Amino acid sequence: MAMEPDSGSALRRSLLFTPGLRTDRFAKALKGGADMVCLDLEDGVAPDFKDEARDKAIPALFDATLGAAARAMRINPIKTHTGMRDLLALCDFGSAPPALLLPKIESPEEVRWVAEILDEAGYDRTRLMVIIETTRALEAALDIASASPRNDTLLFGAADLSAELGSSLDWGALHYARGRAVHAASHAGLDLIDVPSLDIKDEEGLRSEARLAQRMGFTGKAAIHPVQVAPINEVFSPDAETVEFARRVIEAYEQSAAGVALLDGKVVEMPVVRAMRRALAIAEKIAAGAP
Ligand code: GLV
Ligand code: MG
């Protein structure tokens, strides 16, 4: 059976990317309402600036004066020289990063290498967020998702994946691929974050994509601009009506002796209760002010 999502107390509805060189934007982003902010050393930094970005971004990642949102860093692909340097620089820095995003992963072994290097550095608390954005990763997504107990999230990297597949970026073209990511993340009990929408001005388009993703089983969506954060948080937060209904369903079920209850004329069985518990867990994290 698939595992129940267990991502601790962290909320991951929105994950805002900021380019590694722009630590000023990182500082602002940390105060902008995103559940997580990710300093990007990969595609948000031009090849000639990788070293400069790494030198600036790593100290910023640990600067406690900057703001309270959860933090993450996207390093370069671990099979590249630059990616390996990113990881080793983090190990040499001497503080455990809260979370690392791993792009272009192709196999569960790659995730395990990273986990082992973090073990060696004594960074026990560092969580891993793996981007599914290669055709190999799509095929191996189930094993990648379960590759390490450090994994807490998959990200669906539609931009790179569509470039590999030769598909367009529109919803229908990637439905199968998103389905595989949902399958893998839910099986391993991980959160699943969708690709950012690239049209910053199209709030309605963003909401509609976020709703489609939420209905498929995604738990959040990435953002590339602070204006995208509030609509994303809203779509991935259960509304008051849903929370009230979830409470009534769970109460009716718990009061029934036979494992089946009737609520408003509809049968309530365990699968409905599981879905409702999931919605309530998110609502409770929001109420508790996570992260
Ligand atoms: C994200 O990294 C993407 O490729 O969409
Ligand atoms: Mg990518």
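As the structure is a prediction and not an experimental result, all values here were calculated from the model. Indexing begins at 1, ligand by ligand and atom by atom, following the structure's order. Because only heavy atoms are used, hydrogens play no part in the values below, and waters and symmetry mates are left out as well, while side chains stay in.
- Taking only nitrogen or oxygen atoms, main chain and side chain alike, Asp160 reaches within less than 3.5 Å of ligand 1.
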Test side chain to side chain contact (heavy atoms under 4.5 Å, CB included) on Thr219 and Arg13; report intermediate values, then the result.
CA-CA 6 Å; Thr219 52; Arg13 297 164 300 178; over 6 Å; no

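- Within Glu133, the N, O or S atom lying nearest to the Mg ion (ligand 2) carries the name OE1.
- Of all atoms in ligand 1, numbered sequentially from 1 with element shown, those under 4.0 Å from a heavy atom of Val195 are 5 (O).
- The two residues Glu209 and Trp171 have their closest heavy-atom pair at O-CZ3, 3.9 Å.
- Defined by atom type and a distance below 3.5 Å, a donor-acceptor pair is present between the side-chain atoms of Asp239 and Thr242.
- Contact between Arg74 and ligand 1 is present, with at least one heavy atom of the residue lying under 4.0 Å from the ligand.
- Summary of contacts: the protein heavy atom closest to atom 5 (O) of ligand 1 is Ala159 N, 2.8 Å.
- Where the criterion is an N or O separation shorter than 3.5 Å, residue side chain and backbone included, Phe156 fails it with respect to ligand 1.
- With a 6.0 Å radius and a threshold of 12 heavy atoms from other residues, nucleotides or ligands, Glu204 has its CD atom above the threshold.
- Backbone or side-chain N, O or S atoms of Glu42 do not reach the Mg ion (ligand 2) at under 2.8 Å.
- Ile105 is not listed as a side-chain neighbour of Ile131, based on a closest heavy-atom distance of 4.5 Å or more.
- Atoms CZ and CD1, on Arg85 and Ile75 in that order, are 13.5 Å from each other to the nearest 0.5 Å.
- In this structure, the protein non-hydrogen atom closest to atom 1 (C) of ligand 1 is Glu133 OE1, 3.5 Å.
- Under a 4.0 Å criterion applied to the non-hydrogen atoms of Gly157, ligand 1 contributes the atoms 1 (C), 3 (C), 4 (O), 5 (O).
- Of all the heavy atoms of Glu164, none lies under 4.0 Å from any atom of ligand 1, so neither backbone nor side chain is involved.
- Residue side and main chain included, Asp160 places an N/O/S atom under 2.8 Å of the Mg ion (ligand 2).
- Residue Lys31 comes nearest to Leu66 through the heavy atom pair NZ-O, 3.2 Å, listed as atom of the first residue, atom of the second, then distance.
- A donor-acceptor pair shorter than 3.5 Å cannot be found between the side chains of Asp199 and Ser197.
- At least one N or O atom of Ala158 sits closer than 3.5 Å to an N or O atom of ligand 1.
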